[in-house]
Each structure stands twice: as structure tokens, then as C-alpha cells.
Amino acid sequence: MPRPILATIHPDALRHNLARCARLAPDAKVWAVVKANAYGHGIERVFEGLRAADGFALLDLDEAQRVRDLGWRGPILLLEGVFEARDLELCSRLGLWHTVHCDEQIDMLAMHKTHVPHRVFLKMNSGMNRLGFRPQAYRAAWSRLDALPQVGEISLMTHFSDADGPIGVAAQMAVFQATTEDLPGERSVGNSAATLRHMEPAGTDPGIAAASDWVRPGIASYGSAPDHPEHDAAHWGLRPAMTLSARVIAVQALQPGDTVGYGSAFVADRAMRIGVVACGYADGYPRVCPTGTPVLVDGVPTRTVGRVSMDMLTIDLGPKPDAGIGSQVILWGGSGDAVVPIDAVARAAGTVGYELMCALAQRVPVTVD
Ligand SMILES: *Cc1c(COP(=O)(O)O)cnc(C)c1O
């Protein structure tokens, strides 16, 4: 029997979450963001669930190839654009749209031989200082692109640093709008947090809807709240797209004073039953999760105790006295009322849901339900 650990991908949840984002931006087209192998879920596994999207956005060229291999004929956007000149040949061959964020990428385009003009998304650095042209340089970059026979339609985009928090998007929106006001072309500004928090008709910034011919939800499609813990996924009506589950493979009866695991990090203050679960940090479960991190055993909420080790972790069976070897443990995800939010586990580990889903280990078998 294989080791009893499994990740399950839920296409219905993907479909539901994507539709939820689309409803919040009813006039926008939707990029399903599937970079990083669909945030660890697997591009091939999420494709059916996300195919109602208007396009797929990602950044590895081999991932673009994989989306084409799945039969997708619609738009694919390279969010970081090309990395070297010959990448443009693949863009021509596969019909990829690509971001242009620096002069070097325009230089490459100017040298590129193509019969079909490329659709590009010109990226503005409106304050995040990661990718893009500064506002003062943006219009010159637009004119350079516009003059190239290799370039067809030019779309305008930027990315928010603070859509999920108190700083918000207003300052970056103002810069973007002031700079692009009279430029033609479609606009794309919002990630999940901007779509959930700022897009609704009564949202904080009506400018966002106007600048959203395309929205770019990633994390929300996978059922994690970008602004946890201010809001949880349930607040936004999102469902987990991945469940990580494993089984109890051993049980220990502890006496008061007994300890559990490496470093004797947990000390029993009373008699208790402990379940040893076939999931550890080599599966992608964070080692730093402390005693008290939530899990479900046979559907009943309980907690981890002691240190997470490479292949195992330990849980308190107190709330479920009849649990034993073979009992099912949900580490994150689930469905209906039986859910461990990935964001709650991430928070216990001092990180975000994004990192946990992306770090699901290769050795964990994955199925699609
Ligand atoms: C990753 C990414 C997104 C999606 O962000 P989420 O927070 O996952 O919604 C959108 N736009 C760009 C440019 C990205 O790189």
C-alpha cells in the first residue's frame, strides 16, 4: 500500500471560485493565473475547472506550451514577458501575448522577425517598484512599441502592492490613470485582492472597474483569501481547491509528563491519546507549525502537538476518542463544514496560503475529484 497521504484537487471549487471573481467584475474578462504550476495544483489538473476563463496568465514558457498542449486556443499572457530574444519565436509560434516591462524587451521585439504582429501588455511601475516602466517613461515606451511593425494591439497594465491591506490601491490607481488617460487599448490592473476588495459596485475605488478590461485573479481561484486574517475564504465565498489529507498510522497513549517528538517540544499535562499522521515537512507541511495548529480527524476539529518531523506529525485525539489507526486527517482543505482553511495553517506557520500550496512536495500523490 502506498504511504497514506494524498492531495485532492477539486474542479468544482475552481469553477465556483473563478465564477465568484467574474461576478465581482461583470464587465471584465478574466485571466486565470496559473503560474507556478497553477499555484502548486498542477496546470493539467486545474485546466477543466478554470477553462471558463477568457485566458490563462503565467510566466514560464514551458507552462504556456502545456496550456496549448491541453488544446487551449484562446489568449495566454506571459506575465513577465520574454527573458531572451529567442523566446519571441515561441510567442510567435504559440500565439502568446506578452508583457513588456523594460526597454530591453522592446529592443528584442525590434529585432524579431514575425509575420503576425504581437499583442503586448505594457507594464507600468505605478509604485510597487518590481516590474514596469516608471510613469515618466511609460508614454515613450508606448510610442516606441506603437512604431514597431512587430507589435499589434498594445494593452496597458500595472500591479498593486497593497490591494490586500490598509494602504489600498488609490494612489497607484491615480498614477496609472493620470499617465494612461488618453492612450488607447485595453487595461488590466487587478489581482485577487483588488477584485475582491475594490471592484464591487460599492467598492472603494470606482476607477478600478473602469481600468479593468481584464482582471487577474490567482489565489482566490484556489480558494484562499488574499487578505487573511482580516477576512477568511468563507467570508469571500471561496472554497478550497486543494485538500491535503493523510491517515493516522500509529497511536500513543501518554501519561502526564510524557513528551512527544523531537526536542520533547510537547509535554502531556494529563493522560491523552496521540495520533501519528503520515504527513511531514517533506510533504510540504510547514515544520514551523506550532502545537495547536488546526487539523480535522475523521471530520472532528483538533490540533497538532509537538514538532512536525520529516515524514510524520502528531495530533491530539482527545476530541475524537474512537479515532485510531486508519483515521482520516485533513491537514488543509476539505469541503462543506469539514474544512481546515489553508490560510489558518499558513498563519500558524507565519506565512500565507500561497506559499503552502506552491510548496506541496513532489512525493505527495495528487488526484482530481
Ligand atoms: C501572480 C499575479 C497575479 C495574481 O495574484 P493573486 O494575488 O494570486 O491574485 C496577478 N497579476 C500578476 C502580474 C501576477 O504576477
Side-chain angles (χ1 to χ4, degrees), residues 13-14 17-22 24-25 28-41 43 46 50 53-61 63-64 67 75-83 96-102 105 120-133 155-165 167-169 172-173 176 186-199 208 211-228 230-231 233 236 238 240-242 342-343 346 351-359:
L14 291 162
N17 297 336
L18 189 77
R20 180 99 188 93
C21 295
L24 290 172
K29 288 172 278 189
V30 180
W31 289 114
V33 181
V34 295
K35 62 190 179 191
N37 197 25
Y39 291 46
H41 294 63
I43 286 184
V46 302
L50 296 179
D54 299 284
F56 288 89
L58 41 74
L59 37 87
D60 287 300
L61 286 113
E63 293 188 341
V67 174
I76 297 177
L77 175 63
L78 298 178
L79 289 166
E80 294 182 348
V82 297
F83 304 102
L96 308 180
W97 301 2
H98 47 102
T99 299
V100 172
H101 65 77
C102 62
Q105 289 177 326
V120 295
F121 277 61
L122 181 60
K123 183 138 187 198
M124 185 190 300
N125 169 13
S126 58
M128 188 170 188
N129 289 311
R130 220 171 47 173
L131 298 184
F133 292 89
S155 301
L156 317 177
M157 84 189 273
T158 196
H159 192 57
F160 298 126
S161 54
D162 289 86
D164 56 335
I167 294 176
V169 300
Q172 282 185 264
M173 266 316 290
F176 182 77
E186 291 193 324
R187 271 101 168 124
S188 178
V189 298
N191 57 1
S192 297
T195 306
L196 294 171
R197 292 169 65 94
H198 301 287
M199 190 73 73
I208 289 212
S212 290
D213 296 297
W214 291 87
V215 289
R216 309 190 300 266
I219 195 73
S221 318
Y222 303 102
S224 158
D227 57 354
H228 184 86
E230 185 184 343
H231 298 115
W236 293 120
L238 303 171
M242 179 196 291
I342 194 168
D343 297 322
T351 184
V352 288
Y354 297 76
E355 188 176 356
L356 266 53
M357 47 182 82
C358 289

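Indexing begins at 1, ligand by ligand and atom by atom, following the structure's order. Everything numeric in this text was worked out from a predicted model, so none of it was measured. We count residues from 1, following the sequence as given.
Closest protein heavy atom to atom 11 (N) of ligand 1: R216 NE, 2.9 Å. At the shortest separation from atom 7 (O) of ligand 1 among protein heavy atoms lies Y354 OH, 2.6 Å. Of all protein heavy atoms, the one lying nearest to atom 15 (O) of ligand 1 is K35 NZ, 2.6 Å. Shortest contact from atom 12 (C) of ligand 1 to any protein heavy atom: H159 CE1, 3.4 Å. Of the protein's heavy atoms, S192 OG, 2.5 Å lies nearest to atom 9 (O) of ligand 1.
Residues H101 and M157 fail the side-chain proximity criterion, which asks for heavy atoms closer than 4.5 Å. No side-chain heavy atom of T99 sits less than 4.5 Å from a side-chain heavy atom of V120.
Not a single N or O atom of V33, backbone or side chain, sits closer than 3.5 Å to an N or O atom of ligand 1. Considering backbone and side-chain N/O atoms, A220 never comes within less than 3.5 Å of an N/O atom of ligand 1.
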Hey, can you pull the donor-acceptor pairs under 3.5 Å for the side chains in residues 28-35, sequence neighbours left out?
| residue | atom | partner | partner atom | Å |
| --- | --- | --- | --- | --- |
| K29 | NZ | E186 | OE1 | 3.4 |
| K29 | NZ | E186 | OE2 | 2.7 |

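Close approach of ligand 1 to Y39 is summarised as follows: ligand atoms under 4.0 Å from at least one heavy atom of the residue are 1 (C), 4 (C), 5 (O), 6 (P), 8 (O).
Ring to ring, H41 and Y222 are close: their centroids are under 6.0 angstrom apart.
Checked for salt-bridge contact, K123 and E80 miss the test: no charged N lies under 4.0 Å from a carboxylate O.
The heavy-atom pair separating G190 from A194 by the smallest distance is CA-CB, 3.7 Å.
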